[in-house]
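Please read the structure below before turning to the comments.
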Number of protein chains: 2
Amino acid sequence: MDHTVLHDLPLFNGFSSDELKDVIKKASLFRVEKGAYFYHQEDPADRAFVLLKGRVKLSQLTPDGQKIILRIAAPVQVFAIVAVLPAKEYPVSAEAIEDCEALSWSQNELQIISTAYPIFTSNAMDLMARYLQDFQTLFLQLATERVEQRLARILLRLHDLIGLDTEDGIFLDMPLTRQELAEMCGTTLSTVSRLLSSWEKNAIVRSGRAKVFIKDILALKAIADY
Amino acid sequence: MDHTVLHDLPLFNGFSSDELKDVIKKASLFRVEKGAYFYHQEDPADRAFVLLKGRVKLSQLTPDGQKIILRIAAPVQVFAIVAVLPAKEYPVSAEAIEDCEALSWSQNELQIISTAYPIFTSNAMDLMARYLQDFQTLFLQLATERVEQRLARILLRLHDLIGLDTEDGIFLDMPLTRQELAEMCGTTLSTVSRLLSSWEKNAIVRSGRAKVFIKDILALKAIADY
DNA sequence: CGGAATGTTGACAAGGCTCAACCGAAGTGG
DNA sequence: CCACTTCGGTTGAGCCTTGTCAACATTCCG
């Protein structure tokens with residue numbers, strides 16, 4: 001395993017090449033196929049991951065079975081960082097929505113890394129603080145914006161995360177159903193479908209079965225910031 | 001300053017009395033009067049606080065001026081823990097809604113404490129993880145529940161935080177306007193007023209100008225878990 | 001007393017949800 | 001290769017919750 005994959009991760013900020021090699025030596029490689037889970041909500045949080053290949057859907061279930069998607073992780077991103085803390089549970093479930101590969105460290109190994117490299121702890125905390133802030137922003141948007149704006153924002157975020165330029169516009173390189181988009185913005189399949197249809201009429205997007213192209217990103221931004 | 005005030009704070013878990021005394025010696029005492037601010041959103045985050053007296057409203061503004069209240073802090077609670085991280089900004093504003101006193105440490109002092117007591121860092125991280133989880137729960141509720149349930153939940157949380165038994169029912173010991181309740185559950189003043197009125201008809205609460213008594217907490221729980 | 005906050009209530013509109021019927025594409029098995 | 005099933009998507013009707021706007025009442029406070 002090439003240590004350079006970790007090089008630009010904020011979590012390993014301040015690590016030298018040798019240190020990264022050492023950290024990688026401690027890692028295990030996990031393969032999880034499409035549809036399977038890395039872990040489930042409320043399992044004891046005993047492993048953290050760095051995604052190398054595929055996409056992971058991080059979602060949470062309500063007591064009555066509704067789901068919301070909190071985040072989609074793409075390579076090369078960290079997830080389940082909560083595992084650095086002892087005696088926690090995973091707050092979300094992590095499902096592979098494509099065939100995935102990830103590096104993983106057990107809580108024990110994370111403990112060892114923390115002790116050997118004190119900066120690791122503060123990097124982890126920094127990461128957590130960033131998530132916290134992202135959440136506050138999301139929360140604010142959910143509380144104050146209409147579905148239309150929220151969906152536009154989500155497409156824009158996906159654009160940054162996984163947008164691919166094609167002659168048909170910017171392709172969002174991930175199989176996303178209407179249902180999943182709905183779970184990302186706290187609404188229903190029908191509403192998402194209606195919005196995408198109406199945007200398609202205005203040549204803002206083009207969308208089909210589990211795929212979306214963005215044709216007019218400025219219009220989308222205008223909707224988001226309306 | 002009596003060091004025992006810090007004794008039960010998760011942030012100082014694992015500190016001996018002597019260590020707590022040392023930590024307190026490094027603190028400054030802040031007084032902030034009702035209506036004034038400890039800090040504003042987007043100020044550089046250079047101080048953390050432990051509230052000793054009064055209440056603090058932690059709120060966030062949208063670009064277009066809407067406000068939501070993320071948390072009300074009561075004694076003895078920590079806020080602005082994000083200040084342990086260098087080069088961050090406060091993600092919220094902190095307004096004293098009563099005359100307040102708080103212990104405070106500068107980022108420098110926090111740095112020194114972290115170095116002297118490694119457990120402090122992990123306590124801080126733990127605290128952050130807890131906030132993160134609380135947020136995810138809040139987020140989920142906001143996304144999936146109706147205003148009625150959310151308001152009921154908020155009253156129940158306030159009950160745990162600041163409920164006082166009286167002959168008139170359980171008094172929520174804090175001046176909270178309809179507007180503020182609305183900002184806590186992401187809705188409008190009118191809707192809160194209507195809900196409280198209708199609950200008053202059913203003898204679930206009694207409420208007046210900036211005050212609320214809970215008369216039937218079971219009914220409230222039933223609404224929350226509906 | 002007068003003005004500023006705060007709260008109540010009604011009328012109305014709209015956004016979004018539910019339910020349901022229907023369509024089309026993709027996959028599957030004989 | 002065709003028939004069938006499954007999955008994902010679209011769309012309409014109706015309704016409910018909630019937001020908006022506005023007038024008015026009540027309480028507080030200087």
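In what follows, chains carry the letters A, B, and so on, assigned in the order in which the sequence lines appear, proteins first and then strands, with residues in each chain numbered from 1.
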Side chains of [X] and [Y] only: does a donor on one sit below 3.5 Å from an acceptor on the other?
X      : Y      : result
A/R47  : A/S104 : yes
A/T188 : A/T191 : yes
A/T166 : A/D168 : no
B/Q77  : B/R71  : yes

Name every residue in residues 170-189 of chain B that has at least one heavy atom under 4.0 Å from any atom of DNA chain C, in order of residue number, or write none if there are no such residues.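 Of all residues in residues 170-189 of chain B, the ones placing a heavy atom under 4.0 Å from DNA chain C are B/T177, B/R178, B/L189.
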
Do other residues, nucleotides or ligands put more than 12 heavy atoms under 6.0 Å from the NZ atom of B/K221?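 Not buried by this count: 12 neighbours or fewer within 6.0 Å.
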
Which label fits A/F79 and A/F38: parallel for a plane angle under 30°, tilted from 30 to 60°, or perpendicular past 60°?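 Correct class here is perpendicular.
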
Atom-pair distance ([atom1] on [X]; [atom2] on [N]), nearest Å:
X      : N      : atom1 : atom2 : result
B/D64  : D/dT20 : CG    : P     : 11 Å
A/Q149 : C/dA14 : CD    : C1'   : 15 Å
A/K201 : D/dT11 : NZ    : C1'   : 9 Å
A/Y226 : C/dG15 : OH    : C1'   : 13 Å
A/L151 : C/dC17 : CG    : C1'   : 16 Å
A/E145 : C/dA14 : CD    : P     : 21 Å
A/E148 : D/dG19 : CD    : C1'   : 16 Å
A/E200 : D/dT11 : CD    : P     : 9 Å

Using every non-hydrogen atom in the two residues, find where A/P10 and A/R130 come nearest and quote the distance to one decimal.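 Heavy atoms of A/P10 and A/R130 come nearest at CG-NH1, 4.2 Å.
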
Go through it in stages, so that I can follow the logic: the residues are A/K57 and A/E180, the test is salt bridge (Lys or Arg N to Asp or Glu O under 4.0 Å), and I'd like the CA-CA distance, side-chain angles, deciding distance and then a yes or no. CA-CA 10 Å; A/K57 181 163 87 180; A/E180 287 174 317; 2.7 Å; yes

Would you confirm whether the ring centroid of A/F49 sits within less than 6.0 angstrom of the ring centroid of A/F30?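 Close enough - the centres of the two rings lie under 6.0 Å apart.
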
Below 4.0 angstrom from OP1 or OP2 of D/dT11, is there any side-chain N or O of A/S197?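 Looking at the OP1 and OP2 atoms of D/dT11, one of them is under 4.0 Å from a side-chain N or O of A/S197.
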
When you measure from the side-chain N and O atoms of A/S193 to the phosphate of D/dT11, is any distance below 4.0 Å, counting only OP1 and OP2?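 No, no such contact exists.
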
Look for any protein N or O under 3.5 Å of an N or O in nucleotides 21-30 of chain D and output each such pair with its distance, or none.
{"from": "D/dT27", "atom 1": "O2", "to": "B/R209", "atom 2": "NH1", "distance (Å)": "3.4"}

Measure the CD1-CZ distance between A/I223 and A/R146 for me, rounded to the nearest 0.5 Å.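 Result: 10.0 Å between the selected atoms.
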
For the helix from C/dC1-D/dG30 to C/dG30-D/dC1, what angle lies between the axis at the first five pairs and the axis at the last five pairs, to 10 degrees?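 End-to-end axis angle: 40°.
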
State whether the side chain of A/E95 and the backbone N or O of A/L58 hold a donor-acceptor pair below 3.5 Å, judged by distance alone.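 Side chain of A/E95 to backbone of A/L58: no pair is present.
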
